[in-house]
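Every chain is numbered from 1, with letters handed out A, B, ... down the list of sequences. In what follows, every heavy atom counts, from backbone to side chain, and hydrogens, waters and symmetry copies are set aside.
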2 protein chains.
Amino acid sequence: MARNKHPEETVSLILDVSYRLFMEKGYERTSIQDIIDNLGGLSKGAIYHHFKSKEDILVAVTDRMTSQSNNILAYIRDQKDLNGQEKLKKIFKDSIMRPVQDEIFTVAPDLHDNPRLLFSILRETMDEAAPNYILPIIMQGIGDGSIQTEHPKALAELIMLTANIWMNPMIFDNTPEEAYEKFMIFGQMMKGFGLDVLDDELLKRLQELAVLYQKNK
Amino acid sequence: MARNKHPEETVSLILDVSYRLFMEKGYERTSIQDIIDNLGGLSKGAIYHHFKSKEDILVAVTDRMTSQSNNILAYIRDQKDLNGQEKLKKIFKDSIMRPVQDEIFTVAPDLHDNPRLLFSILRETMDEAAPNYILPIIMQGIGDGSIQTEHPKALAELIMLTANIWMNPMIFDNTPEEAYEKFMIFGQMMKGFGLDVLDDELLKRLQELAVLYQKNK
DNA sequence: TTTTTGATACCGAACGACGGTATGTAAAAG
DNA sequence: CTTTTACATACCGTCGTTCGGTATCAAAAA
């Protein structure tokens with residue numbers, strides 16, 4: 001294979017292929033050879049030139065996965081015209097209202113049997129997303145009076161754990177009824193913390209999604 | 001190595017060694033050869049006679065880990081003289097008051113970098129423990145009036161996810177302050193669901209444990 | 001303008017370690 | 001005495017990773 005003038009394209013290709021295979025077959029059941037076979041002529045040397053290990057590819061893949069949603073979180077976090085509670089509400093609204101043509105639904109990824117990838121996402125959610133995006137919003141909410149809590153850090157973690165992990169259909173696959181139950185319990189929980197982030201519009205949309213997701217399996 | 005008249009002892013030995021190594025080095029970084037080297041003369045044939053794969057050993061190890069606490073859960077679940085809410089409270093009390101000489105503290109297990117084992121425990125917690133132990137208690141509570149919820153299944157999952165995973169120092173290592181924060185938020189959450197499972201005695205004990213755990217690291 | 005040089009992109013054979021299997025053997029069980 | 005069980009051991013294919021090498025390119029030197 002000829003040398004590529006734009007090596008980022010090669011990197012990007014490796015990540016595309018790896019992402020797909022990791023989702024389809026799981027990280028551990030995807031071999032380097034599998035990746036090579038889907039690279040269209042590139043070799044083992046190419047991979048190990050751009051990545052120092054298979055694990056390194058996993059990190060890059062998860063980074064790319066999470067950076068999308070992290071960008072949205074960062075955008076909302078940094079908005080000037082909303083108070084803390086409104087920002088939280090907007091986050092849930094946006095994450096649920098996002099169009100269905102997501103990668104999510106084209107590959108129908110299933111972390112149900114993908115320990116390494118799930119682990120990666122869990123760590124990123126709890127160690128990065130919670131403190132960097134949710135926590136600042138809660139702190140703002142405390143300042144502007146829209147959120148009351150004495151334990152902002154733990155609250156941020158709890159919210160992310162439930163919303164991003166527990167309610168994530170990629171991780172725990174739910175029937176529409178289960179998804180509905182989780183959503184209601186989540187809403188109740190948030191209300192218990194004085195956070196009113198749910199409304200009927202959201203609920204309706206969520207039910208549509210649950211049905212759609214089931215169909216795509 | 002001579003043939004053992006009581007093969008259960010060999011099985012048990014393999015599990016002991018595997019458990020220790022899985023905890024010390026992580027499942028993926030523990031090779032079959034590592035296990036053999038710690039078996040005191042037994043060979044690969046012995047392992048593959050009693051277990052069909054490395055994965056199979058992992059399953060057996062996690063089963064043994066969780067069966068202990070599951071027994072306690074089952075015992076409380078089946079008690080006759082407590083209502084639902086009292087049983088929930090007893091569960092938290094018992095799990096926190098258990099003596100420190102647990103395996104937990106002798107090996108100081110750390111699932112922080114042990115995806116497969118964490119995954120195993122997560123699945124067992126959500127797919128087995130929640131529906132088989134917590135859910136029946138909640139159902140009883142609904143019947144006897146001590147618990148009110150329209151979504152018992154989701155509530156059971158949420159409780160287990162937070163209590164067994166999020167607050168588990170093996171999985172998320174906390175400073176004493178963080179452990180305290182989590183505990184308080186958890187209590188608040190439970191209160192939001194009308195569940196009064198915390199008191200000062202528990203809180204005090206938890207803080208002691210958090211300090212102890214930190215020391216043992 | 002041509003040549004040199006050094007960095008970068010990629011190739012592919014080879015390696016050691018791994019999980020798993022096939023076959024053998026001897027002790028226990030029946 | 002026969003069958004089953006509890007192991008031992010040699011071996012296999014696959015895996016992730018390494019490494020010596022080549023081709024290509026841009027920029028500096030001639």
Side-chain angles (χ1 to χ4, degrees), chain A residues 1-63 113-117 119-120, chain B residues 1-63 113-117 119-120:
Chain A
M1 188 96 165
R3 180 192 168 127
N4 195 331
K5 260 201 181 187
H6 304 281
E8 331 87 55
E9 289 174 7
T10 303
V11 171
S12 175
L13 173 62
I14 294 173
L15 290 180
D16 287 344
V17 169
S18 302
Y19 170 79
R20 214 191 69 230
L21 292 177
F22 288 171
M23 284 304 186
E24 284 173 4
K25 319 185 17 161
Y27 172 77
E28 307 174 76
R29 285 178 296 274
T30 301
S31 70
I32 297 288
Q33 192 55 48
D34 286 334
I35 299 176
I36 295 166
D37 293 342
N38 287 272
L39 240 34
L42 281 169
S43 77
K44 194 167 276 198
I47 292 182
Y48 278 91
H49 173 71
H50 292 292
F51 299 92
K52 59 189 241 291
S53 67
K54 189 186 170 189
E55 175 94 26
D56 197 36
I57 299 179
L58 177 65
V59 171
V61 164
T62 26
D63 275 2
D113 192 23
N114 208 339
R116 295 303 312 267
L117 203 38
F119 189 79
S120 255
Chain B
M1 189 89 166
R3 181 191 166 133
N4 194 332
K5 264 200 180 188
H6 304 282
E8 330 89 56
E9 290 173 6
T10 303
V11 171
S12 175
L13 173 63
I14 294 173
L15 290 180
D16 286 344
V17 169
S18 301
Y19 170 78
R20 212 191 70 229
L21 292 177
F22 288 172
M23 285 304 186
E24 284 174 5
K25 316 184 21 161
Y27 172 77
E28 308 174 75
R29 286 178 296 274
T30 300
S31 69
I32 297 288
Q33 192 55 49
D34 286 334
I35 299 177
I36 295 166
D37 293 343
N38 287 271
L39 241 34
L42 282 168
S43 77
K44 191 171 275 198
I47 292 182
Y48 279 93
H49 174 69
H50 292 291
F51 299 92
K52 59 190 243 288
S53 67
K54 189 187 171 190
E55 176 93 24
D56 196 36
I57 300 178
L58 177 65
V59 171
V61 164
T62 26
D63 275 0
D113 191 23
N114 207 341
R116 294 304 310 268
L117 203 38
F119 189 79
S120 252

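- Put simply, CZ on B:F51 is 15 Å from P on C:dG19, counting in whole angstrom units.
- Between the CG atom of A:L39 and the P atom of C:dC11 there is a distance of 9 Å, rounded to whole Å.
- If you take CG of A:L58 and C1' of D:dG16, they are 14 Å apart, rounded to a whole angstrom.
- B:E8 has its CD atom 15 Å from the C1' atom of D:dC7, to the nearest Å.
- Summarising the geometry, the separation between CD1 on B:I14 and P on D:dA6 is reported as 11 Å, rounded to the nearest angstrom.
- For B:S18 (side chain) and B:I14 (main-chain N/O), a donor-acceptor pair under 3.5 Å exists by modelled atom type.
- Place B:S31 and A:V11 on DNA chain C by their nearest nucleotides, and A:V11 ends up nearer the 5' end.
- Side chain to side chain, B:S31 and B:D34 meet the donor-acceptor criterion of an N or O pair below 3.5 Å.
- Taking all atoms of both residues into account, the shortest heavy-atom contact from A:F51 to A:A60 is CE2-CB, 3.9 Å.
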Contact letters for nucleotides 21-30 of chain C, in which S counts primed atoms plus P, OP1 and OP2 and B counts the base, heavy atoms under 4.0 Å: B----BB---
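- Atom CD1 in A:I36 sits roughly 13 Å away from atom C1' in C:dA13 (whole-Å rounding).
- Regarding A:K54, its NZ atom lies at a distance of 15 Å from the P atom of D:dT14, rounded to whole Å.
- In this structure, A:T10 reaches the C:dC10 phosphate: one of its side-chain N or O atoms is under 4.0 Å from OP1 or OP2.
- You'll find that the side chain of A:H49 is closest to C:dA9, out of C:dA9, C:dG19, C:dC11.
- Looking at A:T62, its side chain does come within 3.5 Å of a backbone N or O of A:L58 through a donor-acceptor pair.
- The side chain of A:S43 lies closest to C:dG12, out of C:dT8, D:dG16, C:dG12.
- Among residues at least two apart or in separate chains, ring pair (Phe, Tyr, Trp, His ring centres under 6.0 Å) pairs with a member in residues 21-41 of chain B are B:F22-B:Y27.
- In terms of heavy-atom proximity, B:L13 sits nearest to B:L39 at CD2-O, 3.6 Å.
- Surrounding NZ of A:K52 are at most 12 heavy atoms belonging to other residues, nucleotides or ligands under 6.0 Å away.
- Between the P atom of D:dG16 and the CG atom of A:L21 lies a distance of 12 Å, rounded to the nearest Å.
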